[in-house]
Amino acid sequence: MLIISGLIIVGLGYGTLHFVGITEENRHLFLLMVLAWGIQGASEELLVRGYMFQELREKASVSLALMLSSSYFAILHLGNQGITIISFINIILAGLFFALYYWQQGDIWGACGFHSAWNFTQGNLLGLPVSGLSLGGGSIMHLQFKAGNEFITGGVFGVEGSSICTAILLIGIGVLYLLLYKQGEIGNIKNIR
């Protein structure tokens with residue numbers, strides 16, 4: 001949620017933030033989106049981290065599992081509107097973050113919840129595009145950035161295409177790496193290969 005907080009602060013300097021509230025028209029869509037994002041986030045996590053990462057980790061190596069599952073996760077988003085080099089790299093970094101989070105926690109459901117909450121916060125709390133997808137309606141706020149600040153705001157792709165997202169994901173990956181190191185998961189030849 002550091003990414004969201006940072007982007008709201010930056011967004012106030014580079015755009016506008018409007019509080020819409022939950023109206024009669026968007027209340028049902030808002031509630032439906034909680035369920036929809038839960039299914040979507042869990043589906044991607046179960047496929048990419050729960051299955052692919054885990055299988056590659058057991059059959060090949062952790063390094064290969066991290067690289068391939070994170071890259072595959074980003075490839076799944078290649079058809080989304082507004083994808084750029086930065087957003088593609090950020091999706092790889094997000095995949096790496098979720099894989100490390102899953103590995104560190106030892107529980108896929110935490111990654112499912114985190115992923116779903118991230119998408120719901122962007123799309124339905126802030127009214128931002130989620131990986132280039134603008135859903136419209138069902139949002140309680142609407143954060144709109146001025147054009148021309150794509151490096152900071154992520155442009156059409158949304159915050160996942162921003163340099164702020166890159167920095168915060170790298171910090172998150174670093175923290176998870178250190179936690180795994182402290183747990184003895186990283187640094188042990190048996191676990192890394």
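These numbers come from the heavy atoms of this one structure, side chains and all, not from hydrogens, waters or symmetry mates.
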Undergrad: Do Q104 and Y177 have side-chain N/O donor and acceptor atoms under 3.5 Å apart?
TA: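 The criterion, which ignores hydrogens and geometry beyond distance, is not satisfied for Y177 and Q104.
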Undergrad: To check you understand the geometry: which heavy-atom pair defines the closest contact between V159 and C165, and what is its length?
TA: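 Shortest heavy-atom separation between V159 and C165 comes out as O-CB, 3.2 Å.
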Undergrad: Quick check, are the ring centers of Y72 and H77 under 6.0 angstrom apart?
TA: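 No - the distance between ring centres of Y72 and H77 does not fall below the 6.0 Å cut-off.
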Undergrad: Which atom names give the shortest non-hydrogen contact between N119 and Q40, and what distance separates them?
TA: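 Smallest heavy-atom distance, with atoms named: ND2-OE1, 2.8 Å.
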Undergrad: Taking all non-hydrogen atoms of both residues, which atom of S116 and which atom of A42 are closest, and how far apart?
TA: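 Taking S116 first and A42 second, the nearest heavy atoms are OG-N, 3.8 Å.
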Undergrad: Nearest 0.5 Å, what's the CD-OG distance between Q122 and S131?
TA: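 It is 6.5 Å, given to the nearest 0.5 Å.
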Undergrad: Out of curiosity, F88 CZ to I83 CD1, how far, rounded to the nearest 0.5 Å?
TA: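 Here the interatomic distance stands at 6.5 Å.
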Undergrad: Can you tell me if Q81 has over 12 outside heavy atoms packed within less than 6.0 Å of its CD?
TA: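 No, the 6.0 Å shell around CD holds no more than 12 heavy atoms from other groups.
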Undergrad: Same cluster or not: are L178 and L66 linked, directly or through other Ile, Leu, Val, Met, Phe, Trp or Tyr residues, by side-chain heavy atoms under 4.5 angstrom apart?
TA: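 Unlinked, L178 and L66 end up in two clusters.
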Undergrad: Sequence neighbours excluded and cut-off under 3.5 Å, please list the side-chain donor-acceptor pairs for residues 91-100, or say none.
TA:
none

Undergrad: Test of understanding: clusters of I, L, V, M, F, W, Y form through side-chain heavy atoms closer than 4.5 Å, transitively. Do V62 and M52 belong to the same one?
TA: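 V62 and M52: separate clusters.
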Undergrad: Quick check: closest heavy atoms across I108 and E45, and the distance to 0.1 Å?
TA: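 Closest approach of I108 to E45, heavy atoms only: CD1-O, 3.7 Å.
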Undergrad: Between S87 and T84 (side chain of the first, backbone of the second, donor and acceptor by atom type, cut-off under 3.5 Å), is there such a pair?
TA: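 Yes, S87 side chain to T84 backbone: donor-acceptor pair under 3.5 Å.
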Undergrad: What are the two closest heavy atoms between E160 and W118, and how far apart are they?
TA: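 Looking at all heavy atoms of both residues, the shortest contact is OE2-NE1, 2.8 Å.
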Undergrad: Which hydrophobic side chains are connected to I39, either touching it within the sub-4.5 Å cutoff or through other members that do?
TA: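 Result for I39 is L35.
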Undergrad: Are V156 and V130 grouped together when hydrophobic residues (ILVMFWY) are joined by side-chain heavy atoms under 4.5 angstrom apart?
TA: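 The answer is no; the residues belong to distinct hydrophobic clusters.
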Undergrad: For the pair N90 (side chain) and S162 (backbone), establish whether a donor and an acceptor sit closer than 3.5 Å, ignoring hydrogens and angles.
TA: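 Here the side-chain-to-backbone pair exists.
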Undergrad: Minimum heavy-atom separation for F120 to W37, with atom names?
TA: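 Looking at all heavy atoms of both residues, the closest pair is CA-CD1, 3.5 Å.
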Undergrad: Within 45 degrees of the ring normal and closer than 6.0 Å to the centroid, is that where the cationic atom of R49 sits relative to F73?
TA: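 Flagged: R49 positioned over aromatic ring of F73.
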Undergrad: Nearest 0.5 Å, what's the CG-CZ distance between L68 and F53?
TA: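 Taking CG in L68 and CZ in F53, the distance rounds to 11.5 Å.
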Undergrad: Rounded to the nearest 0.5 Å, how far does CD1 of I89 lie from CG of L170?
TA: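 Answer rounded to 0.5 Å: 10.0 Å.
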Undergrad: I need the L47 CG to S43 OG distance, nearest 0.5 Å.
TA: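 Taking CG in L47 and OG in S43, the distance rounds to 8.5 Å.
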Undergrad: Check step by step if side chain to side chain contact (heavy atoms under 4.5 Å, CB included) holds for W103 and E185.
TA: CA-CA 9 Å; W103 184 17; E185 292 289 329; 3.2 Å; yes
Undergrad: Please evaluate residues L46 and W109 with respect to the criterion side chain to side chain contact (heavy atoms under 4.5 Å, CB included), reporting the C-alpha separation (whole Å), side-chain torsions for both, the decisive distance (0.1 Å), and the verdict.
TA: CA-CA 9 Å; L46 289 169; W109 299 112; 4.1 Å; yes
Undergrad: Are L78 and M67 connected in a single hydrophobic cluster, I mean Ile/Leu/Val/Met/Phe/Trp/Tyr linked by side-chain heavy atoms less than 4.5 Å apart?
TA: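 In one cluster with M67: L78, yes.
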Undergrad: If you round to the nearest 0.5 Å, how far is SG of C112 from CG of D107?
TA: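 Those atoms lie 8.5 Å apart.
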